[in-house]
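This report concerns only the one structure given below.
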Amino acid sequence: MAILPIVIYPDPRLEQVSEEVTEINDEIRALVADMVETCYAADGVGLAAVQIGALKRIFVLDPTFAGGSKTDPALVFINPKIEATEGKIKEEEGCLSLPGVFIPVERFAKTRVSATNLAGERFELEGTGLLSRAFQHELDHLDGHLTIEKIGGIRRKLALRKLRTPEEE
Ligand code: NI
């Protein structure tokens with residue numbers, strides 16, 4: 001396991017669509033372990049594989065989001081898919097790839113996702129509030145989308161002025 005550098009905007013990898021995982025092998029297990037360690041080291045609540053430079057459809061989330069405790073294993077979503085949504089809510093959102101930048105983003109208030117876990121089993125999880133927001137934020141990463149795209153013009157410019165380079169942190 002290793003803490004890896006986080007890919008920071010405007011790195012072009014963040015705009016790429018990640019590939020489906022076809023087999024859960026040692027390479028994928030090692031990637032997930034690195035993702036979890038990197039996410040926690042950065043004090044993040046979630047991380048997509050592309051954020052450490054791997055274009056695979058995987059994201060991890062802090063287990064406390066789904067009612068678990070901090071010592072529980074991180075939640076791992078491989079080949080995730082949104083199954084159902086309900087309502088809308090707009091709130092400010094941060095991203096480890098946009099350090100210091102917070103953007104108001106409208107998201108579904110309730111989301112049900114399906115995904116494969118590290119044991120290769122398909123599961124479903126429903127989230128409201130921050131968990132629902134995190135599902136959609138991380139799924140966006142897998143499709144090459146960032147929060148900064150949701151606003152344009154002068155608002156985007158102003159938001160990006162707050163962008164910190166990792167050295168400044
Ligand atoms: Ni993000």
Side-chain angles (χ1 to χ4, degrees), residues 1-21 23-80 91-105 107 111 113 115-120 123 125 127-150 159-169:
M1 291 212 291
I3 297 169
L4 297 176
I6 292 176
V7 176
I8 302 292
Y9 176 89
D11 190 299
R13 285 172 290 181
L14 294 169
E15 289 172 27
Q16 290 182 34
V17 177
S18 293
E19 289 171 2
E20 293 266 323
V21 174
E23 189 199 350
I24 295 163
N25 51 26
D26 285 348
E27 188 195 331
I28 294 296
R29 282 185 280 271
L31 170 61
V32 168
D34 289 347
M35 286 169 67
V36 171
E37 197 164 341
T38 303
C39 182
Y40 287 174
D43 259 330
V45 297
L47 185 89
V50 61
Q51 292 181 281
I52 56 168
L55 289 161
K56 299 280 183 198
R57 298 190 78 80
I58 308 173
F59 68 80
V60 295
L61 289 181
D62 183 322
T64 58
F65 265 154
S69 81
K70 194 77 194 171
T71 52
D72 286 340
L75 301 169
V76 179
F77 300 80
I78 300 168
N79 299 333
E91 269 176 40
E92 285 208 331
E93 218 170 277
C95 177
L96 290 176
S97 293
L98 286 155
V101 176
F102 293 87
I103 310 271
V105 184
R107 299 286 192 188
T111 310
V113 296
T116 300
N117 62 22
L118 278 174
F123 67 97
L125 195 61
T128 56
L130 275 177
L131 182 58
S132 172
R133 182 162 294 272
F135 286 159
Q136 295 163 82
H137 178 104
E138 301 307 335
L139 268 154
D140 267 1
H141 274 302
L142 306 188
D143 290 323
H145 298 304
L146 293 169
T147 53
I148 196 76
E149 292 170 29
K150 319 261 182 197
L160 283 174
R161 263 192 209 163
K162 305 240 167 76
L163 186 67
R164 294 191 307 255
T165 61
E167 293 73 46
E168 288 169 330
E169 303 224 312

| note | What one should report as the nearest heavy-atom pair of Pro63 and Ser69 is CG-O, 3.5 Å

| task | Kindly give the heavy-atom pair with the smallest separation between Pro80 and Phe59, and that separation in Å. | result | CG-CE2, 3.6 Å

| Between Tyr9 and Val101, is a side-chain contact (heavy atoms from CB on, under 4.5 Å) present by the stated rule, with each step listed? | CA-CA 11 Å; Tyr9 176 89; Val101 176; over 6 Å; no

| said: In the structure I gave you, are the side-chain heavy atoms of Val7 and Val50 within less than 4.5 Å of one another anywhere? | reply: no

| query | Where do Ala42 and Ile6 come nearest, in terms of heavy atoms and distance? | reply | CB-CD1, 3.6 Å

| request: Could you check Val21 against Ile58 for side-chain contact (heavy atoms from CB on, under 4.5 Å), going step by step and ending with a plain yes or no? | output: CA-CA 8 Å; Val21 174; Ile58 308 173; 3.8 Å; yes

| said: Tell me whether Glu149 contacts the main-chain N or O of Leu146 through its side chain, where contact means a donor paired with an acceptor under 3.5 Å. | reply: yes

| said: Test of understanding: with salt bridge (charged side-chain N to carboxylate O under 4.0 Å, His left out), list the residues that count as partners of Asp72, not counting sequence neighbours. | reply: none

| said: I'd like to know whether CD of Glu19 has more than 12 heavy-atom contacts from other residues, nucleotides or ligands below 6.0 angstrom. | reply: no

| field | Centroid separation Phe65 to Phe135 less than 6.0 Å | value | no

| query | Taking atom types as modelled, is there a side-chain donor on Ser97 or Gln51 under 3.5 Å from an acceptor on the other? | reply | yes

| query | Does the side chain of His141 pick up a donor-acceptor pair with the side chain of His137 at under 3.5 Å? | reply | yes

| Sidechain-backbone polar pair: Asn25 side chain, Glu27 backbone, donor-acceptor under 3.5 Å | yes

| field | Student check: side-chain heavy atoms of Ile28 and Glu23 closer than 4.5 Å | value | no

| task | Kindly write out the residues that satisfy salt bridge (charged side-chain N to carboxylate O under 4.0 Å, His left out) with Asp140, not counting sequence neighbours, or none if the list is empty. | result | Arg107, Lys150

| task | For residues Ile24 and Gly120, report the shortest heavy-atom separation together with the two atoms involved. | result | CD1-CA, 3.7 Å

| said: Counting C-beta onward and ignoring hydrogens, is there a side-chain heavy-atom pair between Arg133 and Val105 closer than 4.5 Å? | reply: yes

| Over all atoms of both residues, closest heavy-atom pair of Ala2 and Thr38 | O-OG1, 3.6 Å

| request: Would you mind reporting whether Leu14 and Ile8 have side-chain heavy atoms less than 4.5 Å apart? | output: no

| query | Within a strict 4.5 Å, meaning less than it, do heavy atoms of the Glu92 and Ile103 side chains meet? | reply | no

| Polar side-chain atom of Arg57 near backbone of Leu142 as donor-acceptor pair, under 3.5 Å | yes

| message | Give me the atom names and distance for the closest heavy-atom approach of Ile3 to Ala41. | response | CD1-CB, 3.6 Å

